[in-house]
Amino acid sequence: MKVMTIYAHPADTITNCGGTLARHAAAGDEVVALILTHGGRMHANRYAEEWRKDDPDEAITGASLEDIAAYKKDELARAAEILGIAKVITLGLDDRYAALREDVVDRIAEHLAIERPDVLICDYPVNPAAATNVHTVATVSVLAALGRAGMFVRNLDDRAEFHVKQVFFTSLPVMAGDGLSLYGLRNDVYVDITDVVGQKVAAMDCFDSQGYSGLFARKLIEANNGENGRVAGVNFAEAFYRLNNETHTLLPVTEAARGEDPLTRHISYSRVDLRATYPI
């Protein structure tokens with residue numbers, strides 16, 4: 001199987017679904033990441049914090065946008081290697097990109113048609129009309145590109161049409177696991193990343209330019225993936241929301257669901273001390 005992620009910024013793929021990608025890579029699946037912007041202006045902690053010092057390092061404060069973008073690209077490359085991401089594609093758009101653009105949709109559609117992934121992972125589009133959230137704009141661009149890739153005709157476009165099997169959204173703005181709350185909107189797929197959480201910590205540690213390394217990496221995983229793990233009944237999990245319905249020959253009750261013990265699950269999913277196991 002081929003898994004492809006499309007996100008706005010270099011670190012998004014790692015923070016949102018890095019553990020899931022590590023599991024797919026370990027299972028022998030091909031993982032490809034497409035990043036839309038260079039991320040030079042996004043979370044530029046390394047440079048902003050240096051300016052606050054009484055005697056700032058001119059090698060850092062004098063960095064150009066190209067220098068910062070190259071630094072972040074290197075961080076992503078190192079993180080991708082840790083997780084087993086086989087291919088990283090960067091479009092290099094400026095972070096100020098904040099609207100649906102035909103040229104961007106065309107470029108994403110072209111990469112979809114070339115890579116032909118089985119499943120796609122991207123951010124949940126909080127509001128398709130909101131241009132203030134670049135993550136939303138990125139996903140709306142992806143959805144438009146999926147439609148465009150589905151209309152390719154080989155004798156007209158030199159590419160065959162492409163239709164992805166499933167789209168998984170991350171960062172759904174709810175945490176509850178109860179299907180009767182929040183008008184039924186909830187994450188509907190959880191991936192247990194406990195066995196690979198160390199890889200995710202190490203990958204996040206690569207992004208020191210954003211202040212993601214060290215304490216923040218561990219806090220984010222404890223808070224976000226730890227809470228998702230609580231809902232899923234495991235130590236750490238990543239949560240997803242499916243775009244397309246799925247058809248099964250039998251009701252899809254998982255092995256994890258059948259083997260769960262509601263009486264003791266709160267003990268079993270609290271066994272890993274992340275900061276002790278993966279110290280800074």
Side-chain angles (χ1 to χ4, degrees), residues 4-19 21-22 31-101 103-104 107-108 111 121-123 130-139 141-142 170-171 198-221 223-224 278-280:
M4 185 174 185
T5 70
I6 305 181
Y7 282 97
H9 307 113
D12 293 346
T13 290
I14 311 303
T15 57
N16 282 288
C17 56
L21 299 183
V31 180
V32 176
L34 173 61
I35 307 300
L36 302 188
T37 76
H38 53 58
R41 302 176 187 276
M42 182 59 61
H43 304 305
N45 297 52
R46 180 172 187 259
Y47 309 93
E49 290 178 4
E50 193 67 29
W51 277 108
R52 298 174 182 176
K53 297 179 180 178
D54 292 334
D55 186 22
D57 185 343
E58 293 184 5
I60 297 177
T61 59
S64 66
L65 181 59
E66 291 73 20
D67 294 333
I68 299 172
Y71 193 95
K72 289 204 170 189
K73 193 171 185 178
D74 178 68
E75 291 177 325
L76 174 59
R78 288 186 283 114
E81 185 175 2
I82 290 170
L83 297 180
I85 299 174
K87 183 177 183 180
V88 176
I89 306 164
T90 53
L91 297 191
L93 300 173
D94 194 274
D95 296 318
R96 291 176 293 188
Y97 150 71
L100 188 64
R101 286 170 36 185
D103 62 317
V104 175
R107 292 177 70 183
I108 297 172
H111 284 294
I121 306 175
C122 52
D123 265 317
T132 56
N133 186 330
V134 68
H135 300 102
T136 290
V137 174
T139 297
S141 300
V142 171
T170 59
S171 302
Q199 287 175 259
K200 183 167 184 176
V201 170
M204 286 190 64
D205 276 343
C206 293
F207 292 92
D208 66 274
S209 72
Q210 300 189 183
Y212 278 16
S213 58
L215 285 175
F216 179 75
R218 289 146 185 81
K219 179 64 175 180
L220 181 69
I221 291 172
N224 187 32
Y278 306 103
I280 299 171

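Position 1 is the first residue of the sequence, and the numbers go up from there.
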Take His43 and Tyr212 through the test ring-ring contact (aromatic ring centres under 6.0 Å, His included) and record every step on the way to the result.
-> CA-CA 9 Å; His43 304 305; Tyr212 278 16; 5.8 Å; yes
Would you check if the side chain of Thr37 reaches a backbone N or O of Ala8 as a donor-acceptor pair within less than 3.5 Å?
-> yes
Looking at Gln210, His9, His38, which one forms a side chain to side chain donor-acceptor pair (under 3.5 Å) with Lys72?
-> Gln210
Verdict with reasoning, Asp103 to Arg107, per salt bridge (Lys or Arg N to Asp or Glu O under 4.0 Å) | CA-CA 6 Å; Asp103 62 317; Arg107 292 177 70 183; 5.7 Å; no
Could you check if a side-chain atom of [X] sits within less than 4.5 angstrom of a side-chain atom of [Y], using non-hydrogen atoms only?
X      : Y     : answer
Leu65  : Arg41 : yes
Phe207 : Asn45 : no
Thr13  : Ile85 : yes
Val32  : Leu34 : no
His111 : Ile6  : no

Evaluate the salt bridge (Lys or Arg N to Asp or Glu O under 4.0 Å) criterion for residues Arg218 and Asp205: first the C-alpha distance (whole Å), next the side-chain angles of each, then the deciding distance (0.1 Å), finally the verdict.
-> CA-CA 9 Å; Arg218 289 146 185 81; Asp205 276 343; 3.1 Å; yes
Closest heavy-atom pair and its distance - [X], [Y]:
X     : Y      : value
Cys17 : Ile121 : SG-CG2, 3.9 Å
Asp95 : Met42  : OD2-N, 3.3 Å
Ala79 : Ile14  : CB-CD1, 4.0 Å
Ile82 : Ala202 : CD1-O, 3.7 Å

Pair listing, salt bridge (charged side-chain N to carboxylate O under 4.0 Å, His left out) test, anchored in residues 53-62, at least two apart |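 Pairs touching residues 53-62 that pass the test: Glu50-Lys53.
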Determine whether the side chains of Tyr97 and Ser141 contain a donor N or O and an acceptor N or O closer than 3.5 Å.
-> yes
Between Asp123 and Ser171, is a side chain to side chain donor-acceptor pair (under 3.5 Å) present by the stated rule, with each step listed?
-> CA-CA 6 Å; Asp123 265 317; Ser171 302; 3.0 Å; yes
